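No experiment lies behind these values; they were computed from the predicted model shown. Every heavy atom of this structure was used, including side-chain atoms; hydrogens, water molecules and symmetry mates were not. Letters A, B, ... are given to chains in the order of the sequence lines, protein chains preceding strands, and every chain is numbered from 1.
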Amino acid sequence: MGTSEKAGAVPANGAAPIQRFYSDRSWIEGAAEEQLTFVAGMAGVSSVAAFPDLHPGKYGPVGSAILADRIYPQLIGNDIGCGMSLYALDLPARKLRLDKAAAKLRQLEGVWTGNAGARLAGEDLPTDLHNQALGTIGGGNHFCELQVIDEVTDGALLEAAALRKGDLVLLVHSGSRSLGTAVFGSVLDRFDGLDPNSPDGKAYRAAHDQAVRWAALNRELIAERAAKALRCDLRIVADAPHNLVEDHAGGILHRKGAARVDQALVPLAGSRDALSYLLAPCREQAEALASLAHGAGRKYDRRSMTGRAGGTRSDRDSLGRTSFGGLVVCEDRQLLIEEAPAAYKDPAQVLKDLQSAGLAAPVAALKPLVTYKKAVSDTLESARQDKRRRLWDRRAKR
DNA sequence: ATGTAC
């Protein structure tokens, strides 16, 4: 980086400034800090913002926003366009039976049989673009959760969104499935980044932008499938993608698990056994790069969860229920363990840090009722794999 | 994260 007029904002070592929006009360791994430092030193990076959900990722710190003069596809990774959508349901909460709702949500399993071509065309996408996966949640940390508006902290803002305490909502976390994987796969040898104005940069950006629109449509279709299964209507409250590149302040902003704040309300996802929140973004701070935390953030990686949760039968059974009396639909045992609530940080602390940093204010807390992840039974092979990992971990501890 | 990889 040269001695431009921006030199005053650049630390002596030439790395970009890192703005941290978390306190020492948040659980931040050393590896995530190292990744932040690495990313801030990458060529062309001018600004980095880190949020309290920060945790190490495969190619960089998840829970950060990175402004650069070029596109680094690895910072976005596979799941281009991944994000959170919140929908209001016109279903009376008092009529809801959780076990029946859980049974109905099982209809989310399998393919969606609607008119994919028409919906894709409506989003200005090719009518045959990856349509076999449309309307499906996927695996990992993706979910579709039925929630109830619990505590209200800003009644006026909630009312402005035509919501009130006791209303049922749907929080959908999903992305572009293997469409995004294919787009990332086409640039795997480009870790030095792409000039956004070069043919390669433009080609990536075009395919990326399609995956972003596909992912948003996918969340919409998942919500529609869920509402149809629950036999009610739905209305969108917010859609906040957190994994993509976009133009920002004359550069390329990489959202690496950092929610976009261009709407009145932004969802902050908790774990399935913790509250989620509806946030009102505060006046913009340039250093925050128009971003917020996207969730609680992982505390433990997937692999290490095998030794931490689901060790006994009763432990595994308890993973299917929540302390709120909620239900979890996830018949893949390995997934149930990897995504155990213990794998996640406390979303209330994430909220506190965002609040004290002056980035957002809570509007309402959302209580999980039914978390839908996967309704098909895990295979014999994945059970065997689970057992092998367990034995291996036990041996490693000696 | 993923119609994974053994």
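For Y300(A) and W27(A), the ring centers are positioned less than 6.0 Å apart.
Rounded to whole Å, atom P of dG3(B) lies 13 Å from atom CD of E109(A). Atom CG in D79(A) sits roughly 10 Å away from atom P in dG3(B) (whole-Å rounding). The distance from atom CZ of F184(A) to atom C1' of dT2(B) is 12 Å, rounded to the nearest whole Å. Distance, H130(A) NE2 to dT2(B) P: 9 Å, rounded to whole Å. Taking atom CD of E338(A) as the reference point, atom C1' of dT2(B) lies 13 Å away to the nearest angstrom. In this structure, Q334(A) places its CD atom 17 Å from P of dA5(B), rounding to the nearest Å. A straight line from CZ of R303(A) to P of dT4(B) spans 19 Å, rounded to a whole angstrom. Rounded to a whole Å, the CD atom of E339(A) is 14 Å from the C1' atom of dT2(B).
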For residues 91-98 of chain A, please give each side-chain donor-acceptor pair under 3.5 Å, one per line with the distance, not counting sequence neighbours.
unit_1 : atom_1 : unit_2 : atom_2 : d
R97(A) : NE     : D99(A) : OD1    : 3.3
R97(A) : NH2    : D99(A) : OD1    : 3.4
R97(A) : NH2    : D99(A) : OD2    : 3.0

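Counting non-hydrogen atoms under 4.0 angstrom, G175(A) reaches nothing in the nucleic acid. T181(A) comes within 4.0 angstrom of sugar-phosphate atoms only, judged by non-hydrogen atoms across all strands, and of no base. At the heavy-atom level, G140(A) lies under 4.0 Å from the strands shown only through sugar-phosphate atoms. Within the nucleic acid shown, G180(A) has no heavy atom closer than 4.0 Å to any nucleic acid atom.
Residue pairs meeting the ring pair (Phe, Tyr, Trp, His ring centres under 6.0 Å) criterion with at least one partner in residues 210-264 of chain A, sequence neighbours excluded, are H130(A)-W214(A), H173(A)-H242(A), H242(A)-H294(A).
Salt bridge absent: E338(A) and R333(A) never bring a charged side-chain N and a carboxylate O closer than 4.0 Å.
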